[in-house]
Amino acid sequence: FGTPGPAMVTPVPSPAPVQHNPEDFNVVLLGSDRRDVTFATDVVLVVSFQPKYNTVTLLSIPRTTVVYIPGWQMEKVNKAYQHGQESYYPGLGPALVKDTLLYNFGIEIDRYMLVDFGQFEEIINTLGGLEVPVVCAYTDFRLNAPYLDPKEEDNWGLYTVPSGVVEMDGDLALWYARSRLKSNDFDRNRRQQEIIRALYSQALRFGW
């Protein structure tokens with residue numbers, strides 16, 4: 001097969017310039033698939049509060065984005081939290097996620113929030129559900145009932161969320177935010193942002 005060429009190794013990039021206004025307040029939302037001691041954070045969403053302009057902006061970082069994780073190597077961004085926990089990084093997983101975002105994107109993170117599937121559902125159900133502004137109708141496979149065995153193929157069927165304002169409880173919102181069998185991570189990021197906007201609007205109604 002000929003002489004093999006040089007190994008293709010992605011060089012470690014230089015640190016990104018810091019792009020942060022001291023008046024702004026940045027929070028990173030981490031959604032985990034926690035089922036065991038170790039887990040990935042497949043949702044990495046930066047929420048930036050900008051009081052000067054009275055605005056909130058959202059930045060989704062796709063889970064498979066390859067970045068430099070400080071003190072380690074080039075790796076998918078969703079591995080930063082797990083590696084921070086396992087390597088006893090100073091400040092553990094949250095600190096390594098913050099440093100990863102600062103190094104690669106120049107974003108200074110002030111706070112973080114980590115939720116798993118059950119906590120996500122509980123938050124939404126506590127709020128009495130959400131009115132989610134769905135931009136595009138979405139169809140994907142969904143369990144016919146939450147209590148059914150997901151390993152049984154017959155328990156799944158196609159489900160469609162129409163465009164427009166859709167009322168969602170925790171179970172439906174979780175499915176809408178996670179599903180990608182007939183989609184991709186970019187579309188999933190868009191749907192997750194729709195959920196966050198709806199959460200923000202609902203919280204304002206409660207005066208939180």
Side-chain angles (χ1 to χ4, degrees), residues 28-47 58-67 69 73-86 93-94 97 100 112-202:
V28 61
L29 305 181
L30 303 173
S32 80
D33 59 355
R34 177 164 44 191
R35 301 184 183 92
D36 205 339
V37 177
T38 61
F39 54 85
T41 54
D42 283 348
V43 177
V44 181
L45 198 161
V46 178
V47 182
L58 304 178
L59 173 65
S60 294
I61 301 175
R63 64 196 180 103
T64 56
T65 302
V66 176
V67 296
I69 297 179
Q73 62 184 20
M74 298 294 293
E75 181 57 279
K76 292 185 291 185
V77 69
N78 69 342
K79 299 294 185 181
Y81 186 94
Q82 178 181 334
H83 181 68
Q85 295 289 104
E86 295 176 346
V97 170
T100 298
Y112 84 98
M113 181 177 181
L114 173 69
V115 296
D116 59 23
F117 299 158
Q119 293 165 338
F120 180 83
E121 287 191 53
E122 184 178 355
I123 290 170
I124 292 175
N125 289 333
T126 299
L127 288 170
L130 298 178
E131 294 181 350
V132 181
V134 177
V135 175
C136 302
Y138 181 70
T139 300
D140 210 331
F141 289 97
R142 183 188 180 197
L143 274 176
N144 294 323
Y147 56 82
L148 295 175
D149 184 356
K151 297 180 181 178
E152 295 292 333
E153 185 177 349
D154 292 341
N155 291 339
W156 293 82
L158 286 175
Y159 185 89
T160 298
V161 173
S163 59
V165 178
V166 179
E167 294 186 4
M168 297 188 185
D169 61 9
D171 177 69
L172 178 57
L174 179 63
W175 171 84
Y176 184 68
R178 292 189 63 229
S179 296
R180 58 184 177 85
L181 292 175
K182 297 177 71 64
S183 182
N184 55 47
D185 279 338
F186 293 104
D187 185 66
R188 185 164 73 162
N189 289 156
R190 175 186 60 79
R191 286 180 271 118
Q192 290 166 356
Q193 290 195 13
E194 291 176 354
I195 295 290
I196 295 301
R197 291 190 186 97
L199 271 169
Y200 181 70
S201 297
Q202 185 75 327

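Because only heavy atoms are used, hydrogens play no part in the values below, and waters and symmetry mates are left out as well, while side chains stay in.
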How close do [X] and [Y] get, counting heavy atoms only, and between which atoms?
{"X": "Ile61", "Y": "Thr65", "result": "CG2-OG1, 4.0 Å"}
{"X": "Leu143", "Y": "Pro150", "result": "CD2-CA, 3.8 Å"}
{"X": "Leu158", "Y": "Lys182", "result": "CD2-CD, 3.8 Å"}
{"X": "Asp116", "Y": "Ser32", "result": "CB-OG, 3.5 Å"}
{"X": "Pro62", "Y": "Val77", "result": "O-CG1, 3.4 Å"}
{"X": "Gln82", "Y": "Ala40", "result": "OE1-N, 4.0 Å"}

Is the shortest side-chain heavy-atom distance between [X] and [Y] below 4.5 Å?
{"X": "Met168", "Y": "Ile195", "result": "yes"}
{"X": "Ile196", "Y": "Leu45", "result": "yes"}
{"X": "Leu199", "Y": "Ile123", "result": "yes"}
{"X": "Asn78", "Y": "Thr64", "result": "no"}
{"X": "Arg191", "Y": "Ser183", "result": "yes"}
{"X": "Val43", "Y": "Leu30", "result": "no"}

[atom1]/[X] to [atom2]/[Y] distance, rounded to the nearest 0.5 angstrom?
{"X": "Leu114", "Y": "Gln119", "atom1": "CG", "atom2": "CD", "result": "7.0 Å"}
{"X": "Lys79", "Y": "Arg63", "atom1": "NZ", "atom2": "CZ", "result": "9.5 Å"}
{"X": "Leu174", "Y": "Ser179", "atom1": "CG", "atom2": "OG", "result": "8.5 Å"}
{"X": "Asn184", "Y": "Arg180", "atom1": "CG", "atom2": "CZ", "result": "9.5 Å"}
{"X": "Leu29", "Y": "Leu58", "atom1": "CG", "atom2": "CG", "result": "8.0 Å"}
{"X": "Asp185", "Y": "Gln192", "atom1": "CG", "atom2": "CD", "result": "8.5 Å"}

With a 3.5 Å distance limit and no angle check, can you tell me whether [X] reaches the backbone of [Y] through a side-chain donor-acceptor pair?
{"X": "Trp156", "Y": "Asn144", "value": "no"}
{"X": "Glu75", "Y": "Val67", "value": "no"}
{"X": "Asn125", "Y": "Glu121", "value": "yes"}

Residues that Glu131 engages under salt bridge (charged side-chain N to carboxylate O under 4.0 Å, His left out), provided they are two or more places apart: Arg205
Any residue meeting salt bridge (charged side-chain N to carboxylate O under 4.0 Å, His left out) with Glu194, in chain and number order, not counting sequence neighbours: Arg190
Steps toward side-chain contact (heavy atoms from CB on, under 4.5 Å) verdict (Val166, Tyr176): CA-CA 11 Å; Val166 179; Tyr176 184 68; over 6 Å; no
CA sep, side-chain torsions, deciding dist, call: Asp149, Asn155, side chain to side chain donor-acceptor pair (under 3.5 Å): CA-CA 7 Å; Asp149 184 356; Asn155 291 339; 5.7 Å; no
Exceeds 12 heavy-atom contacts within 6.0 angstrom, atom CD of Glu122: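 Open.
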Derivation of the salt bridge (charged side-chain N to carboxylate O under 4.0 Å, His left out) call for Asp140 and Arg188: CA-CA 12 Å; Asp140 210 331; Arg188 185 164 73 162; over 6 Å; no
Any residue meeting ring pair (Phe, Tyr, Trp, His ring centres under 6.0 Å) with Tyr159, in chain and number order, not counting sequence neighbours: Trp175
Contacts of type ring pair (Phe, Tyr, Trp, His ring centres under 6.0 Å), residue Tyr81, not counting sequence neighbours: Phe39
With Thr139 via side-chain hydrogen bond (donor to acceptor under 3.5 Å, both in side chains) - residues at least two apart: Thr160
Contacts of type side-chain hydrogen bond (donor to acceptor under 3.5 Å, both in side chains), residue Gln193, not counting sequence neighbours: Ser60, Arg197
